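Step one of this worksheet: look at the structure below.
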Amino acid sequence: MLFDALPRDNTQVTPGVVHLPNWLPLEQQARIVGQLRDVARELVGTPLEMRRPQLKSGQMQVFMLHLGRMWATNPYRYVTSLGGHTVPPIPDNLVELATSALASAALYDESLARSAASFSPDMALVNYYPPGATMGLHQDLNEASPAPIVSLSIGDEALFRIGSTENRNKPWDDVTLASGDVIVFGGPKRLAFHGVPKTRPGTLPEGCGLAEGRINVTFRQVEVG
Ligand SMILES: O=C(O)CCC(=O)C(=O)O
């Protein structure tokens, strides 16, 4: 990252949103990338294969891999199997990681603290951003549970934008997410429009497990606990 030496502190970006920079050490990032790559390989040739979803608005730039549940399009909904193939579970180590990240974020935000003890992620969406790929502003609306979203970034830096729950208009909060960063959004921002208007190719650290691009994993709780 530019100005690497500058400290980046854990921050409550706005009520409901907490940024935890450098939360996951590099070796663990690489291990998780390897673990996710193995899952993706096993699904090649099945309907659950990692691919760029086709939305009403066009084809997404990111490739998606689904754990626990699959976010299916047309109509948008979660399913546990597709074409006779069961969606692979979220590995236990990743569930623990998400729970622990929320506990860390809860120290900085009251609304997150209220949901931390009961958080039970049952879906993880793995997005692979090829160099320079972006994701438009959207809401995560398909989960019945109001639990927060825990988001882990590995690879290229990204500009994460989060706005209001009403529309895509300003004001927004913009946060640069680097490899190993976590951002959590819940409480008053759980249904906020958010997206990634920019990624910065070639900014990934050596040893994170990726040769290029960016992975983002959002841990979600779909079912009410
Ligand atoms: O890539 C990111 O940081 C955000 C991903 C996201 O918004 C989503 O998966 O809904």
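Whatever order the structure lists ligands and atoms in, that order sets their numbers, starting from 1. As the structure is a prediction and not an experimental result, all values here were calculated from the model.
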Y108: side chain to side chain donor-acceptor pair (under 3.5 Å) partners, not counting sequence neighbours: N10
Residues that W71 engages under side chain to side chain donor-acceptor pair (under 3.5 Å), provided they are two or more places apart: N142
Minimal non-hydrogen separation, R69 against T80, with atom names: CG-CG2, 4.0 Å
Atom CD of Q54: over 12 foreign heavy atoms under 6.0 Å: yes
Derivation and outcome, side chain to side chain donor-acceptor pair (under 3.5 Å), residues N169 and S164: CA-CA 8 Å; N169 303 340; S164 76; over 6 Å; no
Partners meeting side-chain contact (heavy atoms from CB on, under 4.5 Å) with P171 (sequence neighbours left out): none
Residues in the immediate environment of ligand 1 (any heavy atom closer than 4.0 angstrom): L125, N127, Y129, M135, H138, D140, F160, H194, V196, R214, N216, T218, R220
